[in-house]
Amino acid sequence: MLPRTILILMLFAVAGPAIAATSAAPIQPGETEAWVKVDVPFVPTPPPVIDAMLKVAAVGPGDVLYDLGSGDGRTPIVAARDFGVKKAIGIELNPNRIKDANVAAQTTGVTDRVTFIEGDIFKVDFSDATVVTMYLFDQVNLRLRPRILNELKAGTRIVSHQFHMFDWPPDDKVMVQGKVPVYFWVVPAKVAGTWKGTVGLESLSLDLTQKFQMVSGAVRLGAMKATISTAKLTGAALTFDATVKHDGADEPLHFDGQLTADALTGALVIGGAAKTITLQR
Ligand SMILES: C[S@@+](CC[C@H](N)C(=O)[O-])C[C@H]1O[C@@H](n2cnc3c(N)ncnc32)[C@H](O)[C@@H]1O
């Protein structure tokens, strides 16, 4: 008969969506383990993986970090102790893990910046996050995806230990110790649509389509139309290239800008000359 912890780890390796599970952490003498229905059992992230997760997201003093399903609180605690975040919050369903996390935060001396919320990651508001960390299942990530894409600010960094997001490709991926994948995404701004403005006396319009951070489309400058050849959207920062026929010659066009409120503002370089432009949807 295999010990319970090994059975839970085997279940985790298979990585199907969890149904009902409980903590794999040892129960202390006199403590009653809380049996709560969770989407993923407790399996702690090893310290080198936490370090890699926080490094790939370039976590620092300006950040508000949420760990979704925070277990014993190790990720928020390391984010505060070693990366100096402004605020780190763990959201966890299991009250025993919340208890462990609060004790660990106290022992580490980070209670001024680290808090734990006993609640469900599908219900608790985490929209003030600048960084979100997760060690869940890919199916759980998929269920969280609409909240991540629609409730978080463009530019919020998301890091997942081991599990991906299906057809939302990562912006970066690192392999820890050559074997453990850590995936990194930046929440993309919503740039799809038709944008209009002027460059000097000529009208400029952009028709953009978007799937996550992948952007394609066409640019129209006066009577000229060109397909965007390469585009890159990172949070609210958009760059793209196209080639337009301008005064009878092929001219490379490059845009480097930002989505702010509902305007796309940036530098348009055409024929070697840069102009600041503002486009409206
Ligand atoms: C694999 S552990 C990861 C723990 C910690 N984030 C780490 O990396 O060490 C997943 C945690 O998510 C918690 N959890 C699962 N479903 C949850 C839910 N719907 N809401 C909040 N916490 C949940 C579990 O109790 C467990 O502690």
Side-chain angles (χ1 to χ4, degrees), residues 4-27 31-57 59 65-83 85 88-105 108 110 114-126 129 131-148 151 157-164 174 176 180-184:
R4 179 171 147 268
T5 304
I6 295 184
L7 279 170
I8 289 173
L9 284 169
M10 283 169 64
L11 165 74
F12 206 67
V14 171
I19 322 113
T22 187
S23 161
I27 303 166
E31 185 190 16
T32 310
E33 179 60 289
W35 283 80
V36 283
K37 192 173 165 165
V38 291
D39 294 284
V40 183
F42 175 56
V43 178
T45 295
V49 180
I50 295 180
D51 193 60
M53 291 170 80
L54 300 181
K55 278 186 179 145
V56 75
V59 168
L65 177 144
Y66 279 80
D67 188 36
L68 305 186
S70 48
D72 63 3
R74 54 184 59 211
T75 304
I77 289 170
V78 171
R81 186 193 63 196
D82 300 346
F83 290 76
V85 292
I89 302 105
I91 304 173
E92 170 60 52
L93 262 183
N94 188 328
N96 285 348
R97 295 293 73 76
I98 292 277
K99 226 189 291 171
D100 296 343
N102 280 324
V103 169
T108 315
V110 289
V114 176
T115 48
F116 296 99
I117 299 170
E118 186 181 328
D120 188 337
I121 53 175
F122 292 99
K123 295 189 182 138
V124 174
D125 178 16
F126 53 92
V131 177
V132 171
T133 55
M134 314 183 291
Y135 183 26
L136 302 164
F137 285 139
D138 41 20
Q139 289 290 347
V140 178
N141 289 357
L142 188 63
R143 281 170 57 210
L144 276 170
R145 211 170 78 173
R147 294 201 70 192
I148 290 172
E151 295 177 24
R157 291 104 76 207
I158 314 295
V159 201
S160 171
H161 170 192
Q162 191 168 341
F163 298 105
H164 58 76
V174 293
V176 184
V180 183
V182 163
Y183 299 97
F184 173 74

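In what follows, residues are counted from 1 in the order of the sequence shown. Whatever order the structure lists ligands and atoms in, that order sets their numbers, starting from 1. Just so you know, these numbers use all the heavy atoms, side chains as well, and skip hydrogens, waters and symmetry mates.
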Any nitrogen or oxygen of [X], side chain or backbone, less than 3.5 Å from one on ligand 1?
X: V38; value: no
X: D120; value: yes
X: D67; value: yes
X: D39; value: yes

Please confirm whether [X] approaches ligand 1 to less than 4.0 Å, judged on its heavy atoms.
X: G90; answer: no
X: E92; answer: yes
X: G73; answer: no

If I take atom [atom1] from residue [X] and atom [atom2] from residue [Y], how far apart are they, to the nearest 0.5 angstrom?
X: T45; Y: M134; atom1: OG1; atom2: CE; answer: 11.5 Å
X: H161; Y: D67; atom1: NE2; atom2: CG; answer: 11.5 Å
X: D39; Y: F122; atom1: CG; atom2: CZ; answer: 5.0 Å

**Message:** Quick check: closest heavy atoms across H164 and N141, and the distance to 0.1 Å?
**Reply:** O-ND2, 3.0 Å
**Request:** Decide yes or no for I89 and F126: does some side-chain heavy atom of the first lie under 4.5 Å from some side-chain heavy atom of the second?
**Result:** no
